[in-house]
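I have placed the structure first, in the form of structure tokens, so that the comments after it can refer back to it.
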Amino acid sequence: MKLSDFRNLDFNNIGGWAQGVKLTFCTLLFGLIVLAGWWFLISDQQDDLQQRQGQETKLKAEFSDKQAKVVNLEALKQQLDEMRDMLRQLLRQLPSKTEMPELLVDISQTALSAGLQTQLFQPGPESIKEGFYAEKPIQLRMMGTYHQFGAFISGVAALPRVVILTMHNVSLKPTAAGQLSLEGTVRTYRYVEEDESDGAGAGPKKPANKGGK
């Protein structure tokens, strides 16, 4: 086969081409067909394969993460049970519904014992939060010295039951008489009993308190 055989080819008489030219032409034509097939078919399949390989990598990572959680599931359940037990023990130390009136009296008496002048001590209606504890606001207006307020806080902390007082919109200002004036709202909290309608069935359950306070 010579280069001259490819010159002046008559495409209307392909059968008259030399044998080598026919073989070369068929080889080129086959190569073009393969290239076109790859471009229109295999290329899209390769893109789909790469996408599925990416999904496979993501699924493997998710599987490994879930497998690690399953392995640690029992340990996490045990930790959760321990935290619930700790919460029950803490809640057991909060006052109950029947103890709340006595507790309010104790707080008021503690203020008097500390030497504070109580001009306003007005408990408001309570509201149940999270289903297992109740919040009761108390409007206060007291006057006294810095040390008297310190004695009041120490006295409240020494009460038989755990007393939590949080302050909201409370102002503490000096007076012309050289004392301090405290005015605002504090909130105290109690545990919601199982048989109370608003909190029944919600939150941790409080064990029976057989020992009184």
Side-chain angles (χ1 to χ4, degrees), residues 69 73 75-177 179-213:
K69 291 180 178 179
L73 182 59
L76 293 174
K77 286 182 177 179
Q78 183 177 357
Q79 292 180 3
L80 180 59
D81 291 338
E82 292 175 355
M83 293 176 63
R84 286 175 175 169
D85 290 339
M86 292 176 60
L87 180 58
R88 291 189 186 100
Q89 293 176 8
L90 292 174
L91 289 174
R92 194 183 301 123
Q93 300 178 45
L94 290 175
S96 63
K97 182 177 182 180
T98 57
E99 294 170 329
M100 182 58 72
E102 181 182 351
L103 177 65
L104 296 176
V105 173
D106 289 342
I107 295 174
S108 178
Q109 291 297 325
T110 302
L112 293 176
S113 299
L116 294 175
Q117 301 177 26
T118 304
Q119 299 174 340
L120 178 65
F121 187 90
Q122 183 176 349
E126 68 177 22
S127 57
I128 294 178
K129 304 292 184 179
E130 304 297 332
F132 61 93
Y133 75 93
E135 177 184 275
K136 179 177 256 327
I138 306 172
Q139 293 184 0
L140 295 177
R141 187 165 62 247
M142 298 178 174
M143 291 184 61
T145 64
Y146 173 84
H147 295 289
Q148 288 172 338
F149 278 109
F152 168 65
I153 294 174
S154 298
V156 170
L159 291 175
R161 277 292 184 182
V162 172
V163 180
I164 301 176
L165 291 178
T166 58
M167 297 186 179
H168 303 267
N169 301 322
V170 173
S171 63
L172 185 64
K173 300 178 181 178
T175 65
Q179 293 184 322
L180 296 174
S181 174
L182 182 145
E183 184 174 358
T185 301
V186 299
R187 295 175 184 174
T188 188
Y189 305 88
R190 71 169 180 85
Y191 183 71
V192 173
E193 302 290 347
E194 294 181 32
D195 56 354
E196 294 185 58
S197 59
D198 290 338
K205 303 304 182 183
K206 181 179 179 182
N209 185 8
K210 299 180 180 180
K213 285 189 176 182

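Keep in mind that the numbers below use all heavy atoms, side chains included, and drop hydrogens, waters and symmetry copies. Residues: numbered from 1 along the sequence shown.
To the nearest 0.5 Å, atom CZ of residue F121 and atom CG of residue L112 are 9.5 Å apart. Going from atom CG of L159 over to atom CD of Q109 covers 11.0 Å, rounded to the nearest 0.5 Å. Note that OG1 of T188 and CE of M100 are 5.0 Å apart. Values are rounded to the nearest 0.5 Å. Going from atom CG of L180 over to atom NE2 of H147 covers 10.5 Å, rounded to the nearest 0.5 Å. Rounding to the nearest 0.5 angstrom, the gap separating the CE atom in M143 from the OG1 atom in T118 is 11.5 Å.
In plain terms, the two heavy atoms of T185 and P137 that are nearest each other are CG2-CB, 3.9 Å. Listed here is the closest heavy atom pair of F149 and G144: CE1-O, 3.7 Å. A114 and Q148 get closest at one heavy-atom pair: O-CG, 3.2 Å. Among all heavy-atom pairs drawn from S181 and T175, the shortest one is CB-CG2, 3.7 Å. Considering every non-hydrogen atom in both V192 and A134, the closest pair reads CG2-N, 3.7 Å. Residue I107 comes nearest to F152 through the heavy atom pair O-CE1, 3.6 Å, listed as atom of the first residue, atom of the second, then distance.
The side-chain hydrogen bond (donor to acceptor under 3.5 Å, both in side chains) test applied to Q119 returns R141, not counting sequence neighbours.
At a threshold of 4.5 Å between non-hydrogen side-chain atoms, the residues L140 and V170 do not count as touching.
With S108 contributing its side chain and L104 its backbone, the two residues share no donor-acceptor pair below 3.5 Å. K173 places no side-chain N or O within 3.5 Å of a backbone atom of L182 that could act as its donor or acceptor partner.
Considering R187, R190, E135 in turn, R190 is the only one that fulfils the side chain to side chain contact (heavy atoms under 4.5 Å, CB included) rule with E126.
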